[in-house]
Amino acid sequence: MTNSTAVVSPLAALAPDLRAALTRARYDADTLLAVLGDDAHTALGRSEPVPVRRAVRDAGELGTLVRLLLLGDPEPESAVAAALAPLDLDRAVAAGLLERDGDRIRAALDLRPLDLGGGTRWVISDLDDSLQRRTLTAEHVLGVGQASLSLLRATPTAPVDSVLDLGTGCGVQAVHAAGYARAVTGTDVSARALWLAQATAALNELDIELLEGSWFEPVAGRRFDRVVANPPFVVGPARVEHTYRDSGLALDGASELVVSQAPALLKPGGLATMLASWVHVDGQDWQARVSSWLPDHGVDAWIVQRDIADPALYVGTWLRDAGLDPRDPAAQERAEAWLAAFDAAEVEGIGFGFVYLRAIDGPTELLAEDLTHAFDDPLGAEASAYFDRSAWLRTVASDPGLAWSAPFAVEAATALERVYLPGEQGWTQQVARLHRGDGPRWQHEVDDITAALLAGMRQDGLPLNELVELLAVGHTDAEATPEFRAAALTVVTDLIRHGLIRPA
Ligand SMILES: C[S@@+](CC[C@H](N)C(=O)[O-])C[C@H]1O[C@@H](n2cnc3c(N)ncnc32)[C@H](O)[C@@H]1O
């Protein structure tokens with residue numbers, strides 16, 4: 001294990017001059033969006049260089065930087081020197097940021113602005129194949145991809161003391177963490193990744209501890225308030241074709257390792273936020289598989305499945321991700337071995353999603369559920385709220401009197417919808433559904449008694465005990481039976497857990 005922050009690489013040493021140039025040329029997220037306009041900006045996301053090139057034709061130094069750094073175009077040396085002044089081009093070439101191409105200069109690395117919510121940050125990574133055709137090398141260091149962005153949006157950002165970013169890559173999660181944590185540590189097995197993460201940190205004037213080593217080995221014995229991880233979770237045979245996605249462990253072994261070992265890295269009350277994958281195997285439910293990865297004690301786990309891919313779609317997607325054409329013979333060979341490994345393990349599908357683990361003092365609890373519908377709100381704030389609600393429910397489980405004596409209120413974003421279905425006599429059958437209009441937009445089908453229970457909930461209203469008694473008399477002409485009360489408490493618990501109602 002080496003502490004890569006001990007030695008500043010020539011690339012990281014470019015940071016002061018490079019930062020001055022990028023700031024002066026206004027190579028920041030807001031200006032880029034304004035100069036490109038929505039259409040060209042979206043074209044960039046679709047890997048279409050021409051609309052972008054046209055949009056920045058008259059954009060001066062910023063146009064040069066967009067063509068050089070975002071599109072990968074070779075640009076005249078004098079224009080690059082002017083756009084990147086005071087950066088010395090020979091130093092930048094020697095450090096590996098730029099390369100000469102005849103009398104032109106091209107980018108040797110990807111450098112782009114990103115607004116993570118607190119203003120522009122710059123991220124340095126390897127060039128991908130989004131705007132120039134290229135096959136990614138085995139040591140390719142990922143830039144800010146869709147998975148990175150989804151983890152950023154899913155990460156709670158309340159201020160904390162310490163964060164560990166496992167598998168930091170270009171350092172994007174660590175840079176984000178520096179916005180809400182006093183101390184940030186990033187680890188990676190790849191020296192190249194740490195070289196780029198160090199440059200990313202320096203360019204943003206951030207002090208991030210970077211440690212080289214496999215999995216949690218570089219931080220053995222340490223504990224953190226938060227762990228974030230976008231690990232090399234790609235499911236497949238036990239091999240490493242690309243460090244950014246393959247762990248060398250078979251199937252979902254990388255996710256199992258990270259999910260099972262992360263709890264030991266958390267301080268009491270600490271929280272891990274991770275992306276993970278799990279296989280769907282014939283005859284086994286995915287929740288049971290993921291549940292078996294958790295220790296018996298000390299974790300409150302919320303696991304959210306966002307998508308399930310069939311094996312063929314999955315393999316094709318990841319081949320393309322590495323810049324391979326599934327029609328090429330070499331790619332077909334990889335696909336053959338990959339699908340054969342899935343067949344041998346009876347894999348029917350590959351699930352993907354978020355894993356949240358909170359360190360608690362008690363037996364492990366798990367809610368693993370599907371969240372496959374669309375929603376816009378970032379999941380990070382929801383995760384924090386989820387664990388607050390879960391803690392309250394734990395207190396209630398040990399002392400149900402607390403729930404019975406509390407009044408409850410329906411959350412402002414909750415709506416009740418009645419859907420009429422065609423029946424023998426026209427539009428008769430009804431389905432009543434509670435909708436959450438924010439966060440993960442949960443929906444719960446409810447019966448009339450539950451709808452009536454919620455109608456009676458008020459901020460300054462009756463405690464649950466009295467509400468349920470009134471409801472029993474209204475619906476059954478008798479006092480509430482133990483079964484009626486138990487059913488009411490179960491419904492209330494489920495609706496609290498999903499943030500549709502709250503203790504008032
Ligand atoms: C999917 S990338 C994530 C990069 C970055 N954190 C992000 O969110 O975009 C996974 C990272 O894990 C690293 N990695 C692969 N195997 C590892 C291991 N055994 N231990 C630690 N990191 C590893 C890779 O080098 C890569 O940087």
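Computed from a prediction, not measured in an experiment: that's the story for all the values here. One-based numbering, in listed order, for ligands and for the atoms of each.
- Closest protein heavy atom to atom 1 (C) of ligand 1: Tyr244 O, 3.0 Å.
- In this pair, Phe387 and Trp302 present their aromatic rings perpendicular. The plane angle is above 60°, beyond the 30 to 60° band.
- What sits closest to atom 4 (C) of ligand 1 on the protein, heavy atoms only, is Gly167 O, 3.5 Å.
- The protein non-hydrogen atom at the shortest distance from atom 19 (N) of ligand 1 is Ser214 OG, 3.0 Å.
- One finds a salt bridge joining Glu382 and Arg389 here, because a Lys/Arg side-chain nitrogen approaches an Asp/Glu carboxylate oxygen to under 4.0 Å.
- What sits closest to atom 21 (C) of ligand 1 on the protein, heavy atoms only, is Trp215 N, 3.4 Å.
- Within the 3.5 Å criterion, the main-chain N or O of Leu87 finds no donor-acceptor partner in the side chain of Asp17.
- Among the atoms of Thr187, none of the N or O lies under 3.5 angstrom from an N or O of ligand 1.
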Show me, pair by pair, the donor-acceptor contacts under 3.5 angstrom made by side chains of residues 337-344, not counting sequence neighbours?
{"unit_1": "Trp338", "atom_1": "NE1", "unit_2": "Val235", "atom_2": "O", "d": "3.0"}

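- Ligand 1 has Gln173 within reach: a non-hydrogen atom of the residue lies less than 4.0 Å from it.
- Heavy-atom distances between Ser247 and ligand 1 stay at or above 4.0 Å for every pair.
- The environment of Arg54 atom CZ is sparse: at most 12 non-hydrogen atoms of other residues, nucleotides or ligands sit within 6.0 angstrom.
- The closest approach between a heavy atom of Leu151 and any atom of ligand 1 is not below 4.0 Å.
- Ligand-side atoms of ligand 1 in range of Gly169: 4 (C), 27 (O), range being under 4.0 angstrom from any heavy atom.
- For the atom pair CH2 of Trp286 and CD of Gln305, the computed distance is 4.5 Å after rounding to the nearest 0.5 Å.
- Of the protein's non-hydrogen atoms, Asn230 O, 3.1 Å is the one closest to atom 3 (C) of ligand 1.
- Near Ser190, meaning under 4.0 Å from one of its heavy atoms, ligand 1 places the atoms 25 (O).
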Which pairs would a plain distance check flag for residues 352-367, meaning a side-chain donor or acceptor within less than 3.5 Å of a matching protein atom at least two apart in sequence or in another chain?
{"unit_1": "Tyr356", "atom_1": "OH", "unit_2": "Ala154", "atom_2": "O", "d": "2.6"}
{"unit_1": "Thr364", "atom_1": "OG1", "unit_2": "Pro295", "atom_2": "O", "d": "2.7"}
{"unit_1": "Thr364", "atom_1": "OG1", "unit_2": "Asp296", "atom_2": "O", "d": "3.2"}
{"unit_1": "Thr364", "atom_1": "OG1", "unit_2": "His297", "atom_2": "N", "d": "3.2"}
{"unit_1": "Thr364", "atom_1": "OG1", "unit_2": "Val299", "atom_2": "N", "d": "3.4"}
{"unit_1": "Glu365", "atom_1": "OE1", "unit_2": "Arg394", "atom_2": "NH1", "d": "3.3"}

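- The protein heavy atom nearest to atom 9 (O) of ligand 1 is Ser148 OG, 2.7 Å.
- Regarding atom 26 (C) of ligand 1, its nearest protein heavy-atom neighbour is Asp188 OD2, 3.6 Å.
- Remark: ligand 1 and Thr168 share an N or O pair separated by less than 3.5 Å (distance only, no angle test).
- Among all heavy-atom pairs drawn from Ser277 and Asp252, the shortest one is O-CB, 3.4 Å.
- What sits closest to atom 23 (C) of ligand 1 on the protein, heavy atoms only, is Val189 CG1, 3.6 Å.
- Considering every non-hydrogen atom in both Ala107 and Leu68, the closest pair reads CB-O, 3.4 Å.
- Taking the six-membered ring for Trp and thresholds of 30 and 60 degrees, Phe375 and His373 have ring planes more than 60 degrees apart, a perpendicular arrangement.
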